[in-house]
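Whatever order the structure lists ligands and atoms in, that order sets their numbers, starting from 1.
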Amino acid sequence: MSTTDVFEELYEDDEYRNSLATVDKDGKRIWLYPKKAKGPFLNKRLLATIVFLTIFISGPFIKIGGQPLLMMNFFERKFVIFGQYFLPQDFVLFGLGMIIFVLFIALFTVAFGRIWCGWLCPQTVFMEMIFRPIENWLEGDGRAQKRFDEAPWTFDKIWRKTLKHIIFIAFSILIAHMTMAYIIGIESVKELISQSPSENLSGFIGLVVFTGIFYFVFTKLREQVCIAICPYGRLQGVLVNRDTMTVIYDYIRGEPRGKIKKNAPEETQAQGDCVDCKLCVQVCPTGIDIRNGIQLECVNCTACIDACDDVMEKVNKPKGLIRYASVESVEKGVPYKFSKRSIAYSIVLTLLIGIEALLIIGRSDIETTVMRVPGQLYQTTEKGTVTNLYNAQMVNKSQNEINVQLKLVEPAGELRVVGAESSIKLPSGEKREVVFFIELEKEKVTSTKTEVVIELYDAEENIETIETTFFGPVAK
Ligand code: SF4
Ligand code: SF4
């Protein structure tokens, strides 16, 4: 039988695509009771979880140059990424960063599928590594938990359910506080905790809302976030292709599937490696059967790989009936290797990250716009010099106060700031407007628009160089 025949025979009944594993015929939610998977992939995911939680919890406490690692304060329009302070004035850099980010996501998904969802997405990490294990501990695993839910209310059931929800609320509160720390900063969160709710009502309401959302997501919504709500999940349909690395069932090797019949002659046994034990379905947190092919609901959590490898070991067959591979490699029966397209995408991804990093590193601490004051031409003085009046708008994008000094570099002349001492004080994140004169000897005015170069200094350090023009009568 050819590869195409196996595929067509296996998927000729596409019924599974017309329904969701978590919704019954009447449109009611089917509650999932996934069985706990064990194996090398789970162990690796546990390590990834430790790394994620370490970064997530310590992130708001880590300071770079006095600024947090990451802060997205939408209320005050202050954004800090890797200790770099971004203001609304950085919208070009921010916009470019967003475009690079979207491109990065698209290219990453085309090459590596939903690997992010299974290993590092906070939704999966919290659900599968914290909330689900707590539930399994108190209410049992898989089917035992279903029986526990269906059983009548007893003292044992009441205290277990109560304790579970107390722990769930405690974790939701903790996650809400950490999330707030990434929005308003850890200092503001500490202040919020130390005050009574009435002293900072909006902050307190924010914490309660976040706690409620997290509690609802991890207690009720669960896999529905990945299946129906998350926009990234919905994008999979257009991004994944035949070369994408994903968790996949090797239907060439597995079909025709069938249970092993004890003491039956070999010719009556199913010929494929899949023993139809359905363990891969039982462990799936989104309730799908990976043997139906790549599906939007699969979050690449690898639970089915661990479950199936365990079965394969028991029936003395090679592991990897479900594995990380591409459709192309499964169909050709060859080990998965990076396609040229995936390599090209990885190179582009690296370049994009490099470009954004260079843009951030090269970003100046101050942004200045200099324009001649509207309606003013030039003035000639009694000494025979020519003056132009300018307006400068300065924004301090650094984390420190800057004492700006303006110096005329080219051509030789004089620069005088109106109503300011030797330097202009510019606190972090603040914007200031100043008016200044440039006075040139007549012979320095070489055209109607003579090029002038102004340098901005903070103490002895040159922080910005600006080029503008000087308007005046051309010297004869
Ligand atoms: S099919 Fe496998 S990898 Fe995909 S979500 Fe289900 S268990 Fe996880
Ligand atoms: S766990 Fe493996 S052997 Fe069992 S049904 Fe799934 S694919 Fe087949």
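- The protein heavy-atom contact nearest to atom 3 (S) of ligand 2 is V275 N, 3.5 Å.
- Side-chain contact check for Y232 and T109: at least one donor-acceptor pair (N or O, by modelled atom type) lies under 3.5 Å.
- Counted within 6.0 Å of CZ on F204, heavy atoms from surrounding residues, nucleotides or ligands total 12 or fewer; the atom is thus considered open.
- By the criterion of a heavy-atom distance under 4.0 Å, the backbone of D276, and not its side chain, is placed next to ligand 2.
- Heavy atoms of N300 found under 4.0 angstrom from ligand 1 belong exclusively to the backbone.
- In summary, the side chains of S196 and S198 do present a donor paired with an acceptor at a separation below 3.5 Å, with no hydrogens or angles considered.
- Aromatic ring orientation, F168 versus H165: perpendicular (interplanar angle above 60°, classes split at 30° and 60°).
- Against a heavy-atom cut-off of under 4.0 Å, M312 is close to the following atoms of ligand 2: 3 (S).
- Side-chain contact annotation: T368 with Q393, donor-acceptor N/O pair under 3.5 Å absent.
- Heavy-atom proximity to K278, at under 4.0 Å, picks out these atoms of ligand 2: 4 (Fe), 5 (S).
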Evaluate salt bridge (Lys or Arg N to Asp or Glu O under 4.0 Å) for K278 paired with D276, printing each intermediate quantity in order.
CA-CA 5 Å; K278 295 192 174 61; D276 207 14; 3.4 Å; yes
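- Here C298 meets the criterion, with an N, O or S atom under 2.8 Å of atom 4 (Fe) of ligand 1.
- The two residues F148 and K161 make their nearest non-hydrogen contact at CE2-CE, 3.8 Å.
- At the top of the distance list for atom 6 (Fe) of ligand 1, counting protein heavy atoms only, stands C284 SG, 2.3 Å.
- Here T302 has backbone heavy atoms under 4.0 Å from ligand 1, and that is the only part of it that gets that close.
- Taking every non-hydrogen atom of I288 and a distance limit under 4.0 Å, the qualifying atoms of ligand 1 come out as 1 (S).
- The protein heavy-atom contact nearest to atom 5 (S) of ligand 1 is V299 N, 3.4 Å.
- Close contacts of ligand 2 with R291, meaning ligand atoms under 4.0 Å from a residue heavy atom, involve 5 (S), 7 (S).
- The C274 neighbourhood of ligand 2 comprises atoms 3 (S), 5 (S), 7 (S), 8 (Fe), with distances under 4.0 Å to a heavy atom of that residue.
- Residue-ligand proximity, C280 to ligand 2, at heavy-atom distances under 4.0 Å covers atoms 1 (S), 5 (S), 6 (Fe), 7 (S).
- With hydrogens and angles left out, the side-chain atoms of E139 and Y33 include no donor and acceptor closer than 3.5 Å.
- Atom 4 (Fe) of ligand 2 has an N, O or S atom of C277 under 2.8 Å away, backbone or side chain.
- The residue R257 has no part lying near ligand 2, judged by heavy-atom distances below 4.0 Å.
- Aromatic ring centres of F214 and F126: separated by at least 6.0 Å.
- Among all non-hydrogen protein atoms, the one lying nearest atom 2 (Fe) of ligand 1 is C304 SG, 2.3 Å.
- Although no hydrogens or angles enter the test, the distance criterion places no donor-acceptor pair under 3.5 Å between the side chain of R432 and the main chain of V395.
- Near I290, the atoms of ligand 1 lying under 4.0 angstrom from a non-hydrogen atom of the residue are 1 (S).
- The single protein non-hydrogen atom nearest to atom 8 (Fe) of ligand 1 is C301 SG, 2.3 Å, given as residue, atom name and distance.
- Of the charged side-chain nitrogens involved, none lies within less than 4.0 Å of a carboxylate oxygen, so that K36 and E128 do not count as a salt-bridged pair.
- Those atoms of ligand 2 with a heavy atom of C308 less than 4.0 angstrom away are 1 (S), 2 (Fe), 7 (S).
- Using a 4.0 Å cut-off between charged side-chain N and carboxylate O, R291 and E255 make no salt bridge.
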